[in-house]
Colleague: 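Pasting a structure here, questions to come.
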Amino acid sequence: MSAVEDELVGLAGTGGRWRPVAAVPFTAGAAALALMPIRPVWLWAALIVAVAAVPWLLGALPEARRRRPRPYWRLSADGLERIGPGGLALTRYERDRIDALAVTTGDGVLTVFHRFGRTAVGATASLGLEPIALFVTARRLGIPLHLLDGEADDLLDPAVEEALRVPGLDDGPASVGALPRDHAAEKRLLDQEAALLAAAHEPGEHLPRLGGEVRLDTPAPLPSRRRIAALGALTGMLGAVMIARIAVEGTGAFGARLAAACWAVAAIAGVLAARRRLARAAQVRWTISAERLLVRARPGGRAPLAVPADRIAALVVGPGLRADPLSGEPQRAELAALAFGHRLELLARLPADGLDGFQLAHALDDHGYRVITPGARPPRRPHYGLDRVPDVFPWVPGGRLVVADGGLGWADAAGDVVMQVPGEHLGVIELLTIAGHAWVRLHDSDGDELLAAPLSALRISRTDLRESARREGLPVNDAEYDAYLSAAFHSAVSTLADPGPDTEPAPASLAPGAAREGGTDARPSERADRPDDRADDRADADTEDIPAVRAFALDLDAPPGPAAAPGATLDATRRSRIGTYAMSVALCEAAALLGAVWLGPELGGFSLVASWAVPAGALVGLVGNWLYDRNRAQLRVSAAGLAVVTRRGRVEWELARDRIGGVGVDESSARMPRLVAWGPSGRVLRQVAFPPDLAELRRACERYGVPWGPPDADRPAPPPPEL
């Protein structure tokens, strides 16, 4: 891969992509031929098929399929140019005549200030130029680039300019017109440029933390490419069959020829729509390693894009551009990656539209790449808030939670307890991890929740609260801490055991060095029972708690996996299941009614066909959804980790406890909220396709020591904190 220093080439797709030529005129011609009373009928049918096939035959000619480069824009030491086929400069603004460049943030239009006036070149997205790449390249070439708050029309209209000009502020040789500069946008670009400079001048400072390769794929297109192709082929075949049937029955009546014309248009439109859908149903695959980046966009038939890691100084991950799969014109994309070299040259544009940006950024960072994002990521909040926080917070400044006199109290800055909850009124104290931070939940003797708040707001550490409460005899449940101790004890004892000749070696996750990382892969610990928990335990034997230390002390074998360990099984909510049944029945009923309307005149009338098609559609919908529902997936939460298991016992996927940094709902993207499992670094590991009850999921995570909510990506720490 070659990159020229001090030159920025705009994004441009490849021309000459195989496509039907003049499909609309030939479709209209086929419909017109179908309306004509041509004799014999075989000639009539043959002409319709031949005219409909002409666009595809023209598109298959070698001259039509020859790939020709599309015009693109280039910013270099020669100036700003639009390069056409053969390297011919179609438009040129010479460097010595350019006074400055300006981008209006209102419409994103690039304007050239030259000695003869101002010219609006076009939107940066349509030019194929990313703002950060344009900004860095222009500054390296010595061309002033300003970001103005407004639109390009205000720069080009003299009347508007005079009305907006501020005397004394817009005069001078560096004046860029009447619009004020967008200092916030310029600061973002300056910050990114500073990060690029730091990455370029500090090579080798960012070492990889993970080895091997990581593969990230965009979700498979829905429906799949095979289904799209099959649907398009079936539409074309159905149109051809119906035209042949009309030809056999006779085309003497005008109604028959009109029906043939409609079938011809429908068949051609279906094939064209399937082709367009196939062109847009692309899937991007990233292979990330410490040696190189390999990006493949499928389909397309092009070779994968490989970028060696030693040539990359940093990658800018954020909103960008991508080539339209049909026209090849640049357009905006939600996510793209720009690879910059050590001399701040743009090495490659890597497509990433459809990937999870958070996951991509962390995967690149874990393998030693410097990642720069356009702006600060907004914090992602879990479905857990400050519920029932005491009113004593505001009127006791400097107060903190304390354990004293056999209960919990709120002490002021002097240490005097101003409010206290006696121990006999406390049911259990639960310590857990939410969004990477330690939280506490207090329940009364009836099982009702009294308080849910982060320990940082209560000004007490997790260790102090746990140890102080246990010394006072208060019921405390810290499942994560107990699971860690159990796994650490098992790891220590397993190293002392003398393995026999037939004994298999211990798993790597139970090695002494991995005690802290794999420590949470243990069974749940004994906790203080509450009345409602005892009822739940008696009703469901699968969720029975097992004393962790005793179990590991007696059994030195490998602990069961997430799918087999004792835990809680969470199913999809009844509301969602009823909704899927109703949707399946509704779709089948709609198909039955359409079939009755279409085939009713030939099978005895609409009423007769609908009388048996509607019940048959309802039965098909119910039976079909029942066949799927009887083997539906369920979420298994245990101290060993997470697993998705079908009702027949097939394990779809499972995650060990040491790989889980949090479980909850991700609302950070523009898509619908998803139930996901994060790693300790904040990377999205798995997505749950069905929506279980969030309250039950939260309770199961708290009970078996699985952190609830996304981890703190800025300060990742393996749970449990404050050990």
Side-chain angles (χ1 to χ4, degrees), residues 27-28 30-49 51-53 222-224 226-277 572 574-632:
T27 301
L33 284 174
L35 294 175
M36 296 182 182
I38 301 175
R39 301 292 181 180
V41 292
W42 64 266
L43 179 60
W44 172 79
L47 288 176
I48 295 175
V49 175
V51 172
L222 295 176
S224 64
R226 293 182 179 179
R227 294 182 181 180
I228 297 172
L231 183 59
L234 288 176
T235 304
M237 292 177 59
L238 179 60
V241 169
M242 294 304 298
I243 292 175
R245 177 184 175 183
I246 293 173
V248 171
E249 294 180 352
T251 58
F254 178 78
R257 297 195 301 271
L258 179 61
C262 294
W263 277 111
V265 173
I268 298 174
V271 174
L272 292 176
R275 178 201 165 273
R276 293 177 63 89
R277 187 67 178 86
R574 181 174 298 179
R575 180 178 180 180
S576 65
R577 291 176 59 195
I578 294 176
T580 55
Y581 270 98
M583 183 61 67
S584 299
V585 173
L587 291 177
C588 292
E589 290 295 333
L593 291 175
L594 289 177
V597 173
W598 186 18
L599 302 176
E602 300 181 4
L603 298 178
F606 171 79
S607 301
L608 179 61
V609 175
S611 63
W612 58 266
V614 171
L619 182 61
V620 169
L622 290 174
V623 173
N625 199 82
W626 175 79
L627 292 175
Y628 169 79
D629 190 64
R630 63 196 295 261
N631 195 30
R632 64 182 180 273

Colleague: Looking only at non-hydrogen atoms, find the nearest pair between Ala274 and Gly232 and report the distance.
Modeller: CB-CA, 3.6 Å
Colleague: Would you call Leu238 and Trp263 a side-chain contact if the rule is heavy atoms closer than 4.5 Å?
Modeller: yes
Colleague: Tell me, with the steps shown, if Thr580 and Met583 meet side-chain contact (heavy atoms from CB on, under 4.5 Å).
Modeller: CA-CA 5 Å; Thr580 55; Met583 183 61 67; 5.6 Å; no
Colleague: Check Gly250 against Ala256 and note the closest heavy-atom contact, atom names and distance.
Modeller: O-CB, 3.9 Å
Colleague: So, for Gly617 and Cys588, which heavy atoms are closest and what is the spacing to 0.1 Å?
Modeller: O-CB, 3.1 Å
Colleague: Which value, rounded to the nearest 0.5 Å, describes the distance between Leu587 atom CG and Asn625 atom CG?
Modeller: 10.5 Å
Colleague: Determine the minimum heavy-atom distance between Gly621 and Ser584, stating which atoms define it.
Modeller: O-CB, 4.0 Å
Colleague: Under the salt bridge (Lys or Arg N to Asp or Glu O under 4.0 Å) rule, what pairs show up with a residue in residues 230-256, not counting sequence neighbours?
Modeller: Arg245-Glu249, Arg245-Glu602
Colleague: Hey, could you give me the CD1/OG1 distance between Ile268 and Thr27, rounded to the nearest 0.5 Å?
Modeller: 4.0 Å
Colleague: Side chain of Trp44, backbone of Leu35: donor and acceptor closer than 3.5 Å?
Modeller: no
Colleague: Given 3.5 Å as the limit, does a donor-acceptor pair link the side chain of Arg632 with the main chain of Asp629, or not?
Modeller: yes
Colleague: With a 4.5 Å cut-off on side-chain heavy atoms, are Arg276 and Leu272 touching?
Modeller: no
Colleague: Please round to the nearest 0.5 Å and tell me the distance separating atom CG of Leu234 and atom CZ of Arg227.
Modeller: 13.0 Å
Colleague: What closest approach, in Å, do Ala45 and Ala247 show between heavy atoms, and which atom pair accounts for it?
Modeller: CB-CB, 4.4 Å
Colleague: Looking at Thr235 and Leu231, would you say the former's side chain and the latter's main chain have a donor-acceptor pair under 3.5 Å?
Modeller: yes
Colleague: Closest approach of Val614 and Glu589, non-hydrogen atoms and distance?
Modeller: O-OE2, 2.7 Å
Colleague: Mind checking the OG1-CZ spacing from Thr251 to Arg39? Nearest 0.5 Å is all I need.
Modeller: 4.5 Å
